[in-house]
Asker: 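First the structure, then my questions, so here it is.
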Amino acid sequence: MGHMTTASGSATTQSRWLTDHEQRVWRSYLHATTLLEDHLDRQLQRDAGMPHIYYGLLVGLAEAPGGRLRMTELAMKAKITRSRLSHAIARLEKNGWVRREDCPSDKRGQFAVLTAEGTEVLRRTAPGHVAAVRQALFERLTPEQQQALGEIMQIVAEGLQPDEAGADLPWLR
């Protein structure tokens, strides 16, 4: 594949293409993660009428002290943009599962707060979701494979989440 030429005719730097093995691994990863996310989305839509991302937001709030987090913290925890979070919280508010509260110390800041109804939805939904995760992932892997997968994903996540303040991370957009 060597050098490629841009529209202006100048040569670009040498690209290091994926080997056949790397290509197989990459495509297997994409295939599996896409199918897994779809599987979990369908399970949660069927059981609770919500997508996986909304369930994750409810869990994030349930794990927070007093069932409340600043919107920016919740976006960071969920690894999504603030605009996507705002849209999701609006839907969760409409369902009565979350409410927003203004932050007394910051005029522009808001908290997302899990309601009693939201807590109940989680209580009812969590067992089926855990069963779906267990069936789709953990029951298919040996303990050694589970350990390796956890270590691999930790390395990938750490490499993509720099400490720099100016990093282009979803929750900063």
Side-chain angles (χ1 to χ4, degrees), residues 28-161 167 169-173:
S28 291
Y29 167 82
L30 288 177
H31 191 80
T33 55
T34 301
L35 289 172
L36 180 59
E37 188 61 31
D38 179 67
H39 176 73
L40 297 177
D41 257 344
R42 283 185 291 116
Q43 177 267 318
L44 285 164
Q45 285 288 1
R46 183 182 62 243
D47 293 356
M50 77 174 106
H52 191 210
I53 186 75
Y54 290 14
Y55 179 83
L57 294 172
L58 294 177
V59 169
L61 290 173
E63 292 174 345
R68 73 176 48 233
L69 275 177
R70 287 181 68 109
M71 293 285 281
T72 51
E73 290 177 68
L74 187 54
M76 184 172 18
K77 193 175 183 80
K79 313 287 188 270
I80 59 175
T81 63
R82 289 179 287 198
S83 64
R84 186 170 182 203
L85 174 67
S86 186
H87 176 74
I89 292 297
R91 297 293 305 271
L92 292 169
E93 274 185 303
K94 199 172 173 180
N95 289 348
W97 301 342
V98 170
R99 71 176 183 276
R100 290 185 219 218
E101 291 179 0
D102 290 331
C103 177
S105 63
D106 177 1
K107 297 284 185 245
R108 295 181 307 154
Q110 281 193 317
F111 286 100
V113 183
L114 186 65
T115 64
E117 216 176 315
T119 301
E120 178 58 22
V121 165
L122 271 180
R123 189 193 65 71
R124 282 193 326 261
T125 307
H129 180 64
V130 169
V133 169
R134 186 171 296 290
Q135 175 270 327
L137 184 65
F138 292 103
E139 289 175 0
R140 297 172 190 273
L141 302 175
T142 65
E144 295 77 18
Q145 290 170 326
Q146 292 174 23
Q147 178 75 26
L149 180 63
E151 291 169 3
I152 290 164
M153 293 294 101
Q154 182 79 30
I155 291 166
V156 172
E158 286 172 0
L160 292 171
Q161 189 166 316
L169 297 167
W171 54 93
L172 299 177
R173 288 184 226 137

Asker: Without swapping roles, check the side chain of Thr33 against the backbone of Leu30 for a donor-acceptor pair under 3.5 Å.
Answerer: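 Judged by distance alone, yes, a pair lies under 3.5 Å.
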Asker: Rounded to the nearest 0.5 Å, what separation is found between the OG atom of Ser86 and the CG atom of Leu74?
Answerer: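 The distance works out to 11.0 Å.
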Asker: Between CG of Leu44 and NE2 of His39, what distance do you get to the nearest 0.5 Å?
Answerer: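 Between Leu44 CG and His39 NE2, I get 9.5 Å after rounding to 0.5 Å.
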Asker: For the CG atom of Leu141 and the CD atom of Gln147, what is their distance to the nearest 0.5 Å?
Answerer: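 Between atom CG of Leu141 and atom CD of Gln147 there are 12.0 Å.
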Asker: Closest heavy-atom contact between Trp97 and Ala48?
Answerer: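 Smallest interatomic distance, heavy atoms only, reads CH2-O, 3.5 Å.
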Asker: Looking at every non-hydrogen atom in both residues, tell me the closest pair between Val98 and Ala112 and how far apart they are.
Answerer: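 So the minimum-distance heavy-atom pair works out to CG1-CB, 4.2 Å.
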Asker: Measure the spacing between CD1 of Ile89 and CZ of Arg99 and express it to the nearest 0.5 Å.
Answerer: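 Here the rounded value is 12.5 Å.
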Asker: Check whether any side-chain heavy atom of Met50 sits under 4.5 Å from a side-chain heavy atom of Leu58, and report yes or no.
Answerer: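 They are in contact (side-chain heavy atoms under 4.5 Å apart), so the answer is yes.
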Asker: Provide the closest heavy-atom pair for Gln135 versus Glu139 in the form atom of the first, atom of the second, distance.
Answerer: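 Residues Gln135 and Glu139, closest heavy atoms: CA-OE1, 3.6 Å.
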Asker: Around Arg84, counting heavy atoms of other residues, nucleotides and ligands shown, do more than 12 lie under 6.0 Å from its CZ?
Answerer: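 Incorrect, the count does not exceed 12.
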Asker: Got a donor-acceptor contact below 3.5 angstrom from the Asp41 side chain to the Pro51 backbone?
Answerer: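 A pair under 3.5 Å: no.
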Asker: Closest heavy-atom contact between Gly96 and Thr115?
Answerer: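 Heavy-atom minimum between the residues: O-OG1, 2.6 Å.
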Asker: Between Glu120 and Arg123, does the side chain to side chain contact (heavy atoms under 4.5 Å, CB included) criterion hold? Intermediate values first, please.
Answerer: CA-CA 5 Å; Glu120 178 58 22; Arg123 189 193 65 71; 2.6 Å; yes
Asker: Sequence neighbours excluded and cut-off under 3.5 Å, please list the side-chain donor-acceptor pairs for residues 125-132, or say none.
Answerer:
from: Thr125; atom 1: OG1; to: Val121; atom 2: O; distance (Å): 2.6
from: His129; atom 1: ND1; to: Gln43; atom 2: OE1; distance (Å): 3.2

Asker: Restricting to pairs with a member in residues 66-76, which pass salt bridge (charged side-chain N to carboxylate O under 4.0 Å, His left out), not counting sequence neighbours?
Answerer: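 As it turns out, the salt bridge (charged side-chain N to carboxylate O under 4.0 Å, His left out) pairs with a partner in residues 66-76, which skip direct neighbours, are Arg68-Glu101, Arg70-Asp106.
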Asker: Apply the test side chain to side chain contact (heavy atoms under 4.5 Å, CB included) to residues Leu61 and Val113: give CA-CA distance (whole Å), side-chain angles for both, the deciding distance (0.1 Å), then the verdict.
Answerer: CA-CA 7 Å; Leu61 290 173; Val113 183; over 6 Å; no
Asker: Taking all heavy atoms of Gly60 and all of Leu69, pick out the closest pair and write down the distance.
Answerer: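 Closest pair (atom of Gly60, atom of Leu69, distance): O-CD1, 3.9 Å.
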Asker: As an exercise, state the distance from CZ of Arg100 to CD of Glu93, rounded to the nearest 0.5 Å.
Answerer: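 That separation rounds to 4.5 Å.
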Asker: Once you round to the nearest 0.5 Å, how far does CD of Gln146 lie from CG of Leu137?
Answerer: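 Between atom CD of Gln146 and atom CG of Leu137 there are 7.0 Å.
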Asker: Would you check if the side chain of Arg140 reaches a backbone N or O of Ala136 as a donor-acceptor pair within less than 3.5 Å?
Answerer: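 Yes, Arg140 side chain to Ala136 backbone: donor-acceptor pair under 3.5 Å.
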